[in-house]
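What follows is one structure encoded as structure tokens, with my remarks underneath.
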2 protein chains.
Amino acid sequence: MTRPRLFDEATVLGDAMNAFRRAGFAGISIKDLSDATGLTSGSIYNAFGDKEGLYRAAFGHYIDAVIRHRIETYIGEASDLDGLEQLFLSLLLPAPESGDLGCLLTNAAVEFGAQPSVASEGLAEGFAVLEAAIRQVVERQIGGGQVDLHVVRLLLLYQGILVLIRAGRDVSACPAVIRSEFEQLRKLLP
Amino acid sequence: MTRPRLFDEATVLGDAMNAFRRAGFAGISIKDLSDATGLTSGSIYNAFGDKEGLYRAAFGHYIDAVIRHRIETYIGEASDLDGLEQLFLSLLLPAPESGDLGCLLTNAAVEFGAQPSVASEGLAEGFAVLEAAIRQVVERQIGGGQVDLHVVRLLLLYQGILVLIRAGRDVSACPAVIRSEFEQLRKLLP
DNA sequence: CTCATTCTAGAATGATCATTTTACATTGGG
DNA sequence: CCCAATGTAAAATGATCATTCTAGAATGAG
């Protein structure tokens, strides 16, 4: 019945995702997205409904392929502070979170803000996934009444790093900031 | 010779600035800007050349009227850690840096990234002003070989706060994070 | 007062936008 | 092998975009 796509959905979503990361939603046209994905505009509309549908699909793909993947890579099941620290340090590796792409979660948060928008669902899910991963490690490793404080502190650090990378600022001091942040947390280990 | 503007330039730039803060550059049209400022599109083009000219002027206005003003208010001449801490805490006050506006510096950094753009000059100046203000206090009060580290740490915190506010996330734990950050710095006071 | 100058207003223009339509290609079931 | 279903392609459409044009209003110098 349902015949398979003639295009590879993961590849197309990856291309669209990176295009949106580079230019945002308002800053890119269907023609640009057509060039980026190799699909004609007709195929895009057939497959995703409209530009918003493609954005939603690309955002979902980003949460799975980038955020969840990163969390599984660095935290996985044996979650400890070292893994979380490595996750933060990995943000500073040249690719693929480099400045000319940017984090779609951060970019969407800034582009759309808190008002209801095409990004609302993705933002809610993305922040929930990220915060849950951080909280899981902090709660298990440190616990206590200050868990919320540590989680927010790390979330602030995470978003701050992505903004500075995106802006092309000098981030050579960031690894030292991350290390000192986690050193501080390790002092609280039971 | 040069006759005065019939409109109040500061008011118009303030309105345009807030419109850009809400919607970004790509996300707003000349018609929207015309509605926001009360100027017709003809007057906008006459006064500012084009949409990019108005954006540049609004960005410059933001740097002066918001960033420099905030720095002068909280740091001024008698710069100490308490003043800098108050500056950070002031970001969390409901108005005027509230989420539905956002910080034009952060928003522009995320929208345009590091590539040359209409925002490049404003971004360079805005980050320079902000970083210099932080560095001045840290250097004078604490000094030592870790100044860069402290400056970047505070810059990360600053940008992280603005992203979370913009995203409408729960920032109720942020004041405690700021206080603990500055408590840590005060331990380094000579 | 008057005129050259500068500003403003609003309609006009061509480009680009998202989207739809139309025609065609590809596919697997009968 | 053929056909109904679905995917793709590319041109067409109307809306909206940034920008310009044209006409008229406000201003200060002489």
Side-chain angles (χ1 to χ4, degrees), chain A residues 1-59 61 108 111-112 115-120 122, chain B residues 1-59 61 108 111-112 115-120 122:
Chain A
M1 294 294 184
T2 60
R3 297 190 302 97
R5 285 256 153 75
L6 297 192
F7 62 82
D8 182 68
E9 183 158 352
T11 304
V12 164
L13 284 183
D15 290 342
M17 174 189 88
N18 285 341
F20 281 125
R21 288 168 73 183
R22 253 184 240 106
F25 179 81
I28 199 164
S29 68
I30 290 286
K31 184 188 173 327
D32 295 332
L33 289 163
S34 171
D35 292 346
T37 58
L39 263 52
T40 60
S41 66
S43 297
I44 290 175
Y45 278 88
N46 180 67
F48 300 102
D50 57 12
K51 188 184 173 187
E52 299 203 347
L54 178 56
Y55 185 82
R56 273 185 260 260
F59 205 156
H61 183 73
E111 177 167 8
F112 295 100
Q115 264 70 41
S117 73
V118 61
S120 297
Chain B
M1 294 294 185
T2 59
R3 299 188 300 98
R5 285 258 152 74
L6 297 193
F7 61 82
D8 181 68
E9 183 159 351
T11 303
V12 164
L13 284 182
D15 290 341
M17 175 188 87
N18 286 340
F20 282 124
R21 288 169 73 184
R22 255 185 241 104
F25 179 81
I28 199 164
S29 68
I30 290 286
K31 184 190 172 328
D32 295 332
L33 290 163
S34 170
D35 293 346
T37 59
L39 263 52
T40 60
S41 65
S43 297
I44 290 176
Y45 278 87
N46 181 69
F48 300 101
D50 56 12
K51 188 183 174 187
E52 299 203 347
L54 177 56
Y55 186 81
R56 272 185 261 262
F59 205 156
H61 183 73
E111 176 168 11
F112 294 100
Q115 264 69 41
S117 74
V118 62
S120 296

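Residue numbers start from 1 in every chain, and the chains themselves are labelled A, B, ... in the order their sequence lines are given, proteins ahead of strands.
Partners of B:S29 under the side-chain contact (heavy atoms from CB on, under 4.5 Å) rule, at least two apart in sequence or in another chain, are B:K31, B:D32.
Whole-Å rounding puts the B:Y45 OH to D:dA18 P distance at 6 Å. Atom CD in B:E52 sits roughly 11 Å away from atom C1' in D:dA18 (whole-Å rounding). Atom P of nucleotide D:dA10 and atom CG of A:D35 are separated by 13 Å, given to the nearest angstrom. The distance from atom CZ of B:F48 to atom P of D:dT20 is 16 Å, rounded to the nearest whole Å. Between the P atom of C:dT19 and the CG atom of A:L54 lies a distance of 11 Å, rounded to the nearest Å. If you measure from atom CD1 of B:I44 to atom P of D:dT20, you get 14 Å, rounded to the nearest angstrom.
To the nearest 0.5 Å, atoms CG (A:D50) and CG (A:L54) are separated by 9.0 Å. Taken from CD1 in B:I28 to OG in B:S34, the straight-line distance is 10.5 Å, to the nearest 0.5 Å.
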Worked check of side chain to side chain contact (heavy atoms under 4.5 Å, CB included) between A:F48 and A:V12: CA-CA 11 Å; A:F48 300 102; A:V12 164; 4.3 Å; yes

Atom pairs under 3.5 Å: protein N/O with N/O of nucleotides 9-17 of chain C:
from: C:dA9; atom 1: OP2; to: B:S43; atom 2: OG; distance (Å): 3.4

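One N or O on the side chain of A:K51 and one on the backbone of A:F25 form a donor-acceptor pair closer than 3.5 Å. The backbone N or O of B:A26 lies less than 3.5 Å from a partner atom in the side chain of B:E111, making a donor-acceptor pair.
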